Engineer: 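Have a look at the structure that comes next, please.
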Amino acid sequence: MPVETDFLASLNSSQRQAVQHFCGPLLVVAGAGSGKTRALTYRIAHLILNHNVNPETILAVTFTNKAAKEMKERIELIFAQRLAQEKEGQRLELLPEHQQLKLRSRAYKDITKHLWIGTFHSLFARILRYEINKYQDLKGYQWTKNFTIYDESDAQNLVKNIVTKQLNLDDKKFNPRYLRYSIGNAKNQGLYPEDVASQQPTYRGRVVSEVYQEYQLQLAANNALDFDDLILIPARLFSQNESVLGYWHQQFRHILVDEYQDTNRIQYQLINLLATNGETDKNCLNWENRSIFVVGDADQSIYSFRMADFTILLEFQQDFGDGLPDDDTRTMVKLEENYRSRENILEVANTLIENNSERIDKVLKPTRGYGEDIYCYKAENEIEEAQFVRNQILNLKRENPELDWGSFAILYRTNAQSRGLEEALRADIPYHIVGGLKFYDRKEIKDALAYLRLLTNPNDTVSLLRIINTPRRGIGQKTLDQLIGASQELGIPLWEIISDETSVNTLAGRAAKAVKQFANLIKSYQAHVNQLTAAEILDGILSESRYREDLQNQGTEEAENRLENLKELESAMMQFAEENEDSSLESFLANAALASDLDNLNEGEEKVSLMTLHAAKGLEFPIVFMVGVEQGLFPNHRAIDDPASLEEERRLCYVGITRAQEQLFLSYAQERRLWGSREPAIPSQFLQELPQDLINHSSPPINPRRQQKSHSTTSKKTNPSPQNWQVGDRVFHDTFGEGKVTHVLGSGNKTNLAIQFPGVGRKIIDPKIATLQPL
DNA sequence: CTCTTTTAAGGTACC
DNA sequence: CTTAAAAGAG
């Protein structure tokens, strides 16, 4: 049967070109809201179905774990759908639920389980678990496959210790955070400590180099890697070992990279090596049964501060492609049709971004008509601004019953701005803050993980030091200094000292008893690592260490919360064991360091979303408020004098604008409280760069009735298409996927549709509000 | 060793 | 102004 039609009928011609791409290089320049995730998922399915590509040979790199998970799910659904048609002659959603589940799990076992989909870090951490013993370090350092992954705070602790304890430098002059950042930068450019010193022959440069060198030694001593190493070490291993590279080059015949504009030089090097097997002459590459397919948008590159380099995307055509002009090239396709936003929103976004110089020419083409006015509100101060947002939300919600709290997002440049907004909303609007504190960053979770890491990797001194006196057991700084001193003199891990009774008795003085007790606790669980499940171990440790008891005794609400979080960690462990058919502690820990949040478990609750503009990338909302659009705040004062940074701020603004589907509100305050004092503020230069005829500077009406046609009937730029919906129409909804119209409710401007979405259920949807693509 | 007071820093953040 | 981590007192 023609599988083709299933996939391709709903796509426009550029999307189709991307999805049908088989061998060789292809750059997909995908504007905001242009359906790039569909292009990616459909192409993967297409490779498997129409070109008989083995799923194990597909490597797809995503920007976040969440994106990876979503992609896997969407591919799984495609295959489950196909199984339903093939075996039952029915659409998946029409089958009984148990049948649906059965087909989905079949699709998982046959297909998605075998795909290599994940972030750079998770994919290459996985590869390192196989290969790290083959890595030859310049300094002769060694890691073993049960290495621990240090997060940012672990890494910073390490740096701080090196600065203050080892090198006896003034940590005010050499801020550990600055140093850690410098080391990260060096690693992301593939530099060794020596390179830093020679590149930067100043005192400062020499210090960075020295700290970097010591830092790397300590990581090795702890059998630990930081996030940067997860990319850097594979890249070095691939460069130094032909047979290892050859193996993985053979393995990954089809490489896909999402958010390509946010890759850095090392990530690029890694992808390049895998795709070319180290062949540097472009003309000698053999693309038979092999491809590299990257998707990105230089206009949405907003992470240069962490070494992302969008010129990598701009150079794709030279590196891999045919390098022909845009009209003739066969190695680049642009997705410019935007299915998300109203035409006036897109026009504003397009106009703004044209002020940037370094880009690929690209215009977002509207597929939807004009929407409500874009208001730009001048507030007296940040309090009044927050009130404005609150009132608008309440008003819009009241006037438009189809909107729920989840339809609104408030975007700001800096986290500090969230507070005032929260205060304004708290009383009568449910909201949640996206981003912010991550589950695995919480103190209690980090403590628990430190206990667990110690069991599988006793060399992990950072974790050991974290919990040796948590909860308080009377092991203080003086005792630790003694123990650490001994371990350094003998050149052995701290654990070896602590686990040896004789040494402890000699060194620890009156804390000896406590140290021995602690060591015995760890030892007793180390003995059980392979017999007990991860959750059982955690539960036991929390009790026997009295960690739980300690929290219970505090009796504060905060302590209660921490206990709740620990419970949640336990259930996450059990869930992980179920999903991965492996309940071992090692396997859980290998993933935990790379997992970011469990918070998306609570989705489904309808709440207004508050987040930074950075956190909003990839998301969309019917109504978007962009607040604090002031010179010095947005663009940030640190970016104003540097043209490249200013362009990045402008891209950030572009990202913010293009999050809005229906309506956009901009606002700025004339006076803002900053660190105590009130400072006058002036409107952002970006506001002047917007097409003024599309910006309404007056206050929105008190009861803004949303008359959908207000503009579309009067404007000559109208994009018509008030679609005549009929029962039986098939549609695609960005959130719910494919569905079928079962009822048409009302008529004219008040038409609502009842749509049955497989696996989701029936939803009543206003086609004026939701992004519905007819299929 | 632990509790209280002082001091410093406050741009964005994925893994 | 606020928050967190470091220094100082009991």
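Computed from heavy atoms alone, side chains included, the values below leave out hydrogens, waters and symmetry copies. Just so we're clear, the structure is a prediction, and the values are computed from it rather than from any experiment. So that the names make sense, note that chain A is the first sequence line, chain B the second, and so on, each numbered from 1.
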Engineer: How is A:Gln417 classified with respect to the nucleic acid when contacts are heavy atoms under 4.0 Å: base, sugar-phosphate, or nothing?
Structural biologist: nothing

Engineer: Could you state the CG-C1' distance from A:Asn157 to C:dA4, rounded to the nearest angstrom?
Structural biologist: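 Whole-Å distance recorded here is 13 Å.
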
Engineer: In whole angstroms, how far is the C1' atom of B:dG11 from the OH atom of A:Tyr178?
Structural biologist: 17 Å

Engineer: How close or far is atom C1' of B:dC14 from atom CZ of A:Arg180, stated in whole angstroms?
Structural biologist: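 Whole-Å distance recorded here is 13 Å.
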
Engineer: Closest-nucleotide mapping onto DNA chain B: is A:Asn636 or A:Arg510 further toward the 5' terminus? I mean the 5' end.
Structural biologist: A:Arg510

Engineer: Check whether any side-chain N or O of A:Thr612 sits under 4.0 Å from OP1 or OP2 of B:dA13, and answer yes or no.
Structural biologist: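 The answer is yes; a side-chain N or O of A:Thr612 sits under 4.0 Å from OP1 or OP2.
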
Engineer: Ring stacking, A:Trp675 with base of B:dG10, under 5.5 Å and under 30°?
Structural biologist: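 Yes; by the centre-distance and plane-angle rule, A:Trp675 counts as stacking on B:dG10.
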
Engineer: It should be established whether A:Lys160 places a side-chain nitrogen or oxygen under 4.0 Å from OP1 or OP2 of nucleotide C:dA6.
Structural biologist: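 Yes.
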
Engineer: Looking at A:Arg306, I'd like to know whether one of its side-chain N or O atoms comes within less than 4.0 Å of OP1 or OP2 on B:dC14.
Structural biologist: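 No.
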
Engineer: Reckon A:Asn415 touches a base, only the sugar-phosphate, or nothing at all at heavy-atom distances under 4.0 Å?
Structural biologist: sugar-phosphate

Engineer: Salt bridge between A:Arg413 and A:Glu630, side-chain N to carboxylate O under 4.0 Å?
Structural biologist: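 Looking at A:Glu630 together with A:Arg413, the answer is no, because their closest N to O distance does not fall below 4.0 Å.
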
Engineer: So which nucleotide from B:dC15, B:dT12, C:dT2 ends up closest to the side chain of A:Arg419?
Structural biologist: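 Nearest to the side-chain atoms of A:Arg419, counting from C-beta on, is C:dT2.
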
Engineer: Below 4.0 angstrom, N of the basic side chain to O of the carboxylate: do A:Glu382 and A:Arg672 qualify?
Structural biologist: no

Engineer: Is the NZ or CZ atom of A:Lys617 both under 6.0 Å from the centre of the six-membered ring of A:Phe63 and within 45° of that ring's axis?
Structural biologist: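 Checked: cation-pi criterion met.
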
Engineer: Atom CZ of A:Arg177 and atom P of B:dT12: how far apart are they, to the nearest Å?
Structural biologist: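 In whole Å, B:dT12 P lies 10 Å from A:Arg177 CZ.
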
Engineer: Identify whether any heavy atom of A:Asp151 sits under 4.0 Å from a base atom; if not, whether one sits that close to sugar-phosphate; answer base, sugar-phosphate or nothing.
Structural biologist: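 The residue A:Asp151 makes no contact with any strand.
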
Engineer: Just checking A:Tyr303: base, sugar-phosphate only, or nothing, at a heavy-atom cut-off of under 4.0 Å?
Structural biologist: sugar-phosphate

Engineer: Report the distance from atom CG of A:Asp441 to atom P of B:dC15, rounded to the nearest whole Å.
Structural biologist: 10 Å

Engineer: Please state how far atom CG in A:Asn188 lies from atom P in B:dA13, giving the value in whole angstrom units.
Structural biologist: 18 Å

Engineer: Counting just side-chain N and O atoms, does A:Thr119 come under 4.0 Å of either OP1 or OP2 of B:dC14?
Structural biologist: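 No, A:Thr119 has no side-chain N/O under 4.0 Å of OP1/OP2 on B:dC14.
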
Engineer: Would you say A:Asn264 reaches B:dC14's phosphate, i.e. side-chain N/O to OP1/OP2 under 4.0 Å?
Structural biologist: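 No, outside the criterion.
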
Engineer: Give the rounded distance in Å between these two atoms: CD of A:Gln156 and C1' of B:dA9.
Structural biologist: 13 Å

Engineer: Heavy-atom nearest nucleotide on DNA chain B for A:Arg413 versus A:Ala593: which residue maps closer to 5'?
Structural biologist: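 That would be A:Arg413.
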
Engineer: Are A:Arg306 and A:Asp262 within salt-bridge range, i.e. N to O under 4.0 Å?
Structural biologist: no

Engineer: NA contact type, A:Ser677, heavy-atom cut-off 4.0 Å: base, sugar-phosphate, or nothing?
Structural biologist: nothing

Engineer: Run the salt-bridge test on A:Arg359 and A:Asp299 with the 4.0 Å N-O cut-off and return the result as yes or no.
Structural biologist: yes

Engineer: Does a side-chain N or O of A:Arg673 approach OP1 or OP2 of C:dT2 to a distance below 4.0 Å, or not?
Structural biologist: no

Engineer: With the side chain of A:His614 defined as its heavy atoms from C-beta on, choose the nearest nucleotide among B:dA13, B:dC14, B:dG11.
Structural biologist: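 Selected nucleotide: B:dA13.
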
Engineer: Can you tell me how far C1' of C:dC1 sits from CG of A:Asn381, to the nearest Å?
Structural biologist: 15 Å

Engineer: Does any donor-acceptor pair link the side chain of A:Glu648 with the base of B:dG11 at a separation under 3.5 Å?
Structural biologist: no

Engineer: State whether A:Lys438 places a side-chain N or O below 4.0 Å from either non-bridging phosphate oxygen (OP1 or OP2) of B:dC14.
Structural biologist: yes

Engineer: Taking the minimum atom-to-atom distance to the side chain of A:Thr414, which one of B:dT12, B:dC1, B:dC3 wins?
Structural biologist: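 Closest nucleotide among those given: B:dT12.
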
Engineer: Are A:Asp226 and A:Tyr215 close enough that a side-chain donor and a side-chain acceptor fall under 3.5 Å?
Structural biologist: yes

